[in-house]
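Below is one structure; the comments refer to it alone.
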2 protein chains.
Amino acid sequence: MSAMKRKTSIKEVAKAAGVSIASVSRVINSETGKVSPAVRTRVEKAIADLNYRPNWIGQALRGQTNNTYAMVISSIQNNFFSSVAWEIESRLNDRGAAMLLFNSNEDAALQERCLKEVRSRQVAGVFMLCALDSPQLHAIAGQTPMIFINRKVPSLPDVPFIGIDDRSAAMELARAILQEHEGEIALVSGPQSSATSRARLDGFRAEFEARNRPVADESIKEAELSMESGYACAVALLEDRRRYSAIVCGNDQIAYGVYRRCRELGLSIPVETAIYGFDDNPLNQWLAPWLNTVRVPYREYAEAAIGVMDKLHKGDAVGPTILPYDLVLRR
Amino acid sequence: MSAMKRKTSIKEVAKAAGVSIASVSRVINSETGKVSPAVRTRVEKAIADLNYRPNWIGQALRGQTNNTYAMVISSIQNNFFSSVAWEIESRLNDRGAAMLLFNSNEDAALQERCLKEVRSRQVAGVFMLCALDSPQLHAIAGQTPMIFINRKVPSLPDVPFIGIDDRSAAMELARAILQEHEGEIALVSGPQSSATSRARLDGFRAEFEARNRPVADESIKEAELSMESGYACAVALLEDRRRYSAIVCGNDQIAYGVYRRCRELGLSIPVETAIYGFDDNPLNQWLAPWLNTVRVPYREYAEAAIGVMDKLHKGDAVGPTILPYDLVLRR
DNA sequence: AGGCATCAAGTAAACGTTTACATAAGTCAA
DNA sequence: TTGACTTATGTAAACGTTTACTTGATGCCT
């Protein structure tokens, strides 16, 4: 085992084929017509014999574009996020690009560290899947093409955003909820530091109030974007036998946590208490048929993200991309 | 917006600080003592002023190590796999390394394409989370440190493997199942092209036969490692009112698909039919409390993977790492 | 035959680093 | 004062590519 063979370089291929490295390069980049058939075949044979693959680092250093993108994701545990990441990765791969994955874990310090790495690596573009506001984010903006997906950062209004209209989705869901439920309603929102969570909570409250059924303050909890935190909020919410006809959550992860607590308390879902989420993790149709939610078009997110990135590379100005959503009511 | 600023290079920092690029380099790599305090402060000021970050590509080209690893994962949809990937990513990040993520989607052609990319990029190491046998895999072995996680490739016995003893886990689970269920038992195994799936099926059958309760051929299906495929197998398995006391699946994803079909048929889980899986996706405790499974220690996988990678870099020979598992019976 | 395109192949510079080596300046002992 | 040693800094080569430019050969036109 021990020492690994040094990788073969273009020089060795050139020597083996008895040509200059320039010719090898020309063959690799298949500039048809710039090289004679005889040389081409000899070089191709040498490449095959030596099992040569061009060293990407050399290529990247020479040409200023390196075909590597960074994806900073706030929680790889979240099936919705990982689905978006995967869709983007697969499209990047289709064009011979690759994706560095970083998990910020919804932690500003960790995101800061990730972004420093990203900056060193001179990537061709950065996808921020739920970004937090932080200094390195500003350093990257204007230096590297960047896209915010699913959550915008208000202090960077010029960075292209891809998402849905969270406020009006929340309002539409709220209308459906009021229609369905006569009883009391609880809200477990996401962290108010996130623009997305704010917009959702805002939409819910606006609509509930407009219809004259405001939610009492003690029936509103602020969770983090995790199952654990959703669970903890549900524990608080459902203590002393208080019961709700519907519990509306800031996203699906929170809803999963709430679900667990309801199960523990023996509440029948969705008969006694209905649970509402947000995002529609693709897993729901398999594992959470009890969950009502808002379907966010993750495949279109990926499509749009790639399209916007291309435009940024061409130097075009790009505004926000607001995609349509669907209510998923599984009552 | 339009044109992005060219990134600042070491040369500009050197000019701004009025020193040579060598001095700047020395400051960056903080070789304490090799540079005078005066120069150090001037350089540090220039770095801060210009918001300079060393270009990783230059560093990588010069030193032969580039601090980037590749993770090729067979299904990012699978929460167990993505948890392992995440644990590894986080550990790599701790040491200032980064991880390229590729999704092979359990498709040999796609994996081939990913591995070609990997080879070009001259990564420091490759983590294969469920590999398929393929030519590029052999090209990488012996050229770049590589580790197989959760599934070995028999034709490459010298590549370090990290996993559990699938056969004996399956046997132990089979014993528990026989003890619990008097009625008929069905098997929905994973693809027999995978060594892991083979070992599991083998373990189940061996134990069932040893206890004189062999599974009938028509009660064994071979699924792919997806929820969809598990569903399709369950459709076939449960046609014409045939019913099972337990359905044993090759992994949790398959079990989710089986679960969906059982739900559609109105079977009460786990009373009428119990479902058994394998891996214990971390999501189970939240969303699939009905699932019995084998807990594979994903955190230890990551720990071990990093440790083995370090050893490979030192040139040490490494054998397989077999970790302990737990039965998770939620009856 | 001389001049001139056309074409294939080679030469060398450049990309941003690190680092072995050279140089210059300072310290100290004799 | 000189020689030897130490220390701080600068110079230049190297890493593996791509590509503008140069060279040399061939063919064609007049």
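As a basis for the values below, the full set of heavy atoms in this structure was taken, side chains included, without hydrogen atoms, waters or symmetry mates. We name chains A, B, ... by the order of the sequence lines, and we start the count at 1 in each one.
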Pairs: protein N or O with nucleotides 5-14 of chain C N or O, under 3.5 Å:
from, atom 1, to, atom 2, distance (Å)
C/dA8, OP2, A/Gly33, O, 3.0
C/dA9, OP1, A/Ser36, OG, 2.7
C/dA9, OP2, A/Ser36, N, 2.8
C/dA9, OP2, A/Ser36, OG, 3.2
C/dG10, OP2, A/Ser20, N, 2.9
C/dG10, OP2, A/Ser20, OG, 2.9
C/dG10, OP2, A/Ser23, OG, 3.0
C/dG10, N7, A/Arg26, NH2, 2.8
C/dG10, O6, A/Arg26, NH1, 3.4
C/dA14, N3, A/Arg62, NH1, 3.4

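The CG-P distance, from B/Leu61 to C/dT19, rounds to 13 Å in whole Å. If you take CZ of B/Arg53 and P of C/dG16, they are 17 Å apart, rounded to a whole angstrom. Rounded to an integer number of Å, the gap from CG of A/Asn29 to C1' of D/dG16 is 13 Å. The distance between atom CD1 of B/Ile57 and atom P of C/dT18, rounded to the nearest whole Å, is 14 Å. For A/Asn66 and C/dG16, the CG to P distance is 13 Å, given to the nearest whole Å. Atom CG in A/Asn67 sits about 21 Å away from atom P in D/dG16, given to the nearest Å. For the pair A/Trp56 CH2 and D/dT18 C1', the computed distance is 16 Å after rounding to whole Å. Rounded to whole angstrom, the span from the NZ atom of B/Lys15 across to the P atom of C/dG16 amounts to 13 Å.
Among residue pairs with one or both ends in residues 70-87 of chain A, those qualifying as salt bridge (charged side-chain N to carboxylate O under 4.0 Å, His left out) are A/Glu87-A/Arg91, A/Glu87-A/Arg299; sequence neighbours excluded.
Residues passing the ring-ring contact (aromatic ring centres under 6.0 Å, His included) test with B/Trp86: none are found, sequence neighbours excluded. Residues satisfying the side chain to side chain donor-acceptor pair (under 3.5 Å) test with A/Lys45, not counting sequence neighbours, are A/Asp49. Legend: residues meeting side chain to side chain donor-acceptor pair (under 3.5 Å) with A/Arg53, ordered by chain and number and at least two apart, are B/Ser120. Considering only residues two or more places apart in sequence or on other chains, B/Glu300 meets the side chain to side chain donor-acceptor pair (under 3.5 Å) condition with none of them. Shown here are the side chain to side chain donor-acceptor pair (under 3.5 Å) partners of A/Thr321, two or more places apart in sequence or in another chain: there are none.
Look at B/Ser25 and you'll find a side-chain N or O under 4.0 angstrom from OP1 or OP2 of C/dT18. Taking 4.0 angstrom as the limit, A/Asn55 places none of its side-chain polar atoms (N or O) nearer than this to OP1 or OP2 of D/dC15. When the side-chain nitrogen and oxygen atoms of A/Tyr52 are compared with OP1 and OP2 of D/dG16, none of them lie within a distance under 4.0 Å.
Side-chain contact between A/Ser155 and A/His138 is present, with at least one heavy-atom pair separated by less than 4.5 Å.
Fit an axis to the five pairs at each end of the helix from C/dA1-D/dT30 to C/dA30-D/dT1 and the two axes sit 60° apart, to the nearest 10 degrees.
A/Arg151 and A/Ser74 form no side-chain donor-acceptor contact under 3.5 Å, judged by distance and modelled atom types alone.
Of all nucleotides listed (C/dG16, C/dT17, D/dT17), C/dT17 comes nearest to the side chain of B/Ile10.
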Report all side-chain donor-acceptor pairs from residues 304-312 of chain B shorter than 3.5 Å, counting only partners two or more places apart or in another chain.
from, atom 1, to, atom 2, distance (Å)
B/Asp310, OD1, B/Arg95, NH1, 2.8
B/Asp310, OD2, B/Arg95, NH1, 3.4
B/Asp310, OD2, B/Arg95, NH2, 3.3

